[in-house]
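The figures that follow rest on heavy atoms only: side chains count, while hydrogens, waters and symmetry mates do not.
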Amino acid sequence: MPREYRTIQEVAGPLMLVKDVENVKYDELGEIELPNGEIRRCKVLEINGSNALVQLFENSAGINLAESKVRFIGRSMELAVSDDMLSRVFDGLGRPKDGGPEIIPEKRLDVNGTPMNPAARNYPSEFIQTGVSAIDGLNTLVRGQKLPIFSASGLPHANLAAQIARQATVLGKDEQFAVVFAAMGITFEESNYFIESFKETGAIDRTVMFVNLANDPAVERIATPKMALTAAEYLAFEKNMHVLVIMTDITNYADALREVSAARKEVPGRRGYPGYMYTDLATLYERAGRKKGSDGSITLIPILTMPEDDKTHPIPDLTGYITEGQVILSRELYRKGIMPPIDVLPSLSRLKDKGIGEGKTRADHANTMNQLFAAYARGKEAKELMVILGEAALTEIDKLYAKFADEFENKYVSQGYETNRTIEETLEIGWELLRILPRSELKRISDEYLDKYYEK
């Protein structure tokens, strides 16, 4: 029987102090019953002797200190999971948001998850085809990887996220594949865009969505990614599905952490974010991966907008430490009308060499990837020289490289948000571009591939 208390001392923002409690634990859930019978939910943030500091999930307006009761439920936050979650939309606390019925749970899982033993992890090694050339060809996503997208405010990361969620597939095998989509602090318009986009293409049938809107409480925002990852762990490790988790926007999540940390009067770290933000982000990101003895896997694409387009800001900075690379969107390419505006040179997938090559993509993939990077980098240098010195100062070969850079952006990177390219198409476009350059320039590709593909 839950214990009830009428000892609410004070309410400050999302926090409430309850005195004289017994046997209440950290992270335990509670319910506040208002005099009119309305129930609001909260969880215990800290225990000091017999005082409990609790955090409200809804707002604190209208709570009458003398008349309201608090009950502690004796368990931490849980998510009801079952196969029926697919094709459903939930709010940040796992309640149905699509007008459908409540889920009849197969089991209830603690949203904090159980940490994966590093020794029980399998190394990521299988290629995931996203249908986006700049990712598949140059910054390949591998199953079990954590590959964030670094965007900036006003750039079309939502379009890219929806495109990857709709198109992502694993080649050659007929395996169960699901997408878990977590949205934190996004506008109603964005949320609508995602839901409609998944419905139109039928991708919703294999998608579980957790949506926390900008006007929902900040505390719910902190729970949203945990809910999503709990659903992903259930589908991956209990139902043996391959799950792609897309989370947007991690910046809103970190801002909610900062807000709650400030309310608790904790000592702030860099730029006012709590000192434990690194640990907190790691507890999210590290829930991705593959487990020995389980066929399922979780691949994670967190999306974050870099404040002031600054990749040294704490959020992208810490994310870069924990994840295996990053895909960076560029304002300059966006202004040129390149869709998606992926800046391939600073982008990086640290596991790409594990997911490409014979039997995974194609034998010539690694060679052409290196050659395209090198040629594009040289082409951009040539274009910068052209701006400073004029075209006349360039050698003939430099002019070819400059032409290559333009063609590369327009044909390879820019493909729109509706095009789904197979890896063969992506590699073919790469060869088409490399034919702009004379064969003698292609020093990173071995002769057997040049004979086979360049001379076509």
Do [X] side-chain atoms and [Y] backbone N/O form a donor-acceptor pair below 3.5 Å?
X    : Y    : result
T251 : T305 : yes
S82  : P105 : no
Q415 : G131 : yes
T368 : H365 : yes
Q167 : T130 : yes

Does the pair [X]/[Y] count as a salt bridge with the N-to-O cut at 4.0 Å?
X    : Y    : result
E233 : R287 : yes
E175 : R143 : yes
R6   : E4   : no
R421 : D136 : no
R71  : E33  : yes

Q) Just checking, any donor-acceptor pair under 3.5 angstrom between side chains of S261 and E266? A)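 On atom types as modelled, these side chains qualify, holding a pair under 3.5 Å.
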Q. Any luck finding a side-chain donor-acceptor pair between T7 and D20 under 3.5 Å?
A.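 Result is no, nothing qualifies.
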Q.
Filter on side-chain hydrogen bond (donor to acceptor under 3.5 Å, both in side chains), then keep only pairs touching residues 85-111, sequence neighbours left out; what's left?
A.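 Qualifying pairs: S76-D110, R88-D98, D91-R95, E106-Y234, E106-K239, K107-E238, D110-N112.
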Q. Any side-chain hydrogen bond (donor to acceptor under 3.5 Å, both in side chains) pairs touching residues 194-221, not counting sequence neighbours?
A.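 Output for this query lists R166-S197, N212-E220, N212-R221.
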Do [X] and [Y] touch side chain to side chain, with heavy atoms closer than 4.5 Å?
X    : Y    : answer
L329 : I342 : yes
I423 : R362 : no
P341 : P156 : yes
M306 : P316 : yes

Output the distance between atom [atom1] ([X]) and atom [atom2] ([Y]), rounded to the nearest 0.5 Å.
X    : Y    : atom1 : atom2 : value
M77  : I222 : CE    : CD1   : 10.0 Å
I32  : R41  : CD1   : CZ    : 11.0 Å
L318 : I315 : CG    : CD1   : 8.5 Å
I195 : M209 : CD1   : CE    : 4.5 Å

Can you name the residues that form a ring pair (Phe, Tyr, Trp, His ring centres under 6.0 Å) with [X], not counting sequence neighbours?
X    : result
Y417 : none
F237 : none
Y5   : F72

**Q.** Derivation of the side-chain contact (heavy atoms from CB on, under 4.5 Å) call for L281 and M277
**A.** CA-CA 6 Å; L281 289 173; M277 189 162 81; 4.1 Å; yes
Can you pull the salt bridge (Lys or Arg N to Asp or Glu O under 4.0 Å) pairs that have at least one residue in [range], sequence neighbours excluded?
range            : result
residues 288-304 : E126-R290
residues 267-285 : R270-D317, R271-D310
residues 183-194 : none
residues 335-359 : K336-E409

For [X] against [Y], the heavy-atom pair lying closest together:
X    : Y    : result
K146 : A288 : CG-CB, 3.8 Å
F373 : V344 : CE2-O, 3.3 Å
Q145 : T140 : OE1-O, 3.6 Å

For [range], pull every pair meeting ring-ring contact (aromatic ring centres under 6.0 Å, His included), keeping only residues two or more places apart or in separate chains.
range            : value
residues 182-228 : F90-F210, F181-F194, F181-F198
residues 259-298 : Y273-H313
residues 91-146  : none

Q) Given the rule in the side-chain contact (heavy atoms from CB on, under 4.5 Å) test, do I8 and K69 qualify, once you have shown the distances and angles that lead to the verdict? A) CA-CA 8 Å; I8 302 175; K69 296 186 285 203; over 6 Å; no
(Q) Between F177 and L244, is the side-chain contact (heavy atoms from CB on, under 4.5 Å) condition met? List the steps. (A) CA-CA 8 Å; F177 187 75; L244 174 66; 4.0 Å; yes
Q) Around K380, counting heavy atoms of other residues, nucleotides and ligands shown, do more than 12 lie under 6.0 Å from its NZ? A)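 Buried by this count: over 12 neighbours within 6.0 Å.
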Q) Can L65 and V11 be said to form a side-chain contact (heavy atoms from CB on, under 4.5 Å), step by step? A) CA-CA 8 Å; L65 301 192; V11 176; 3.5 Å; yes
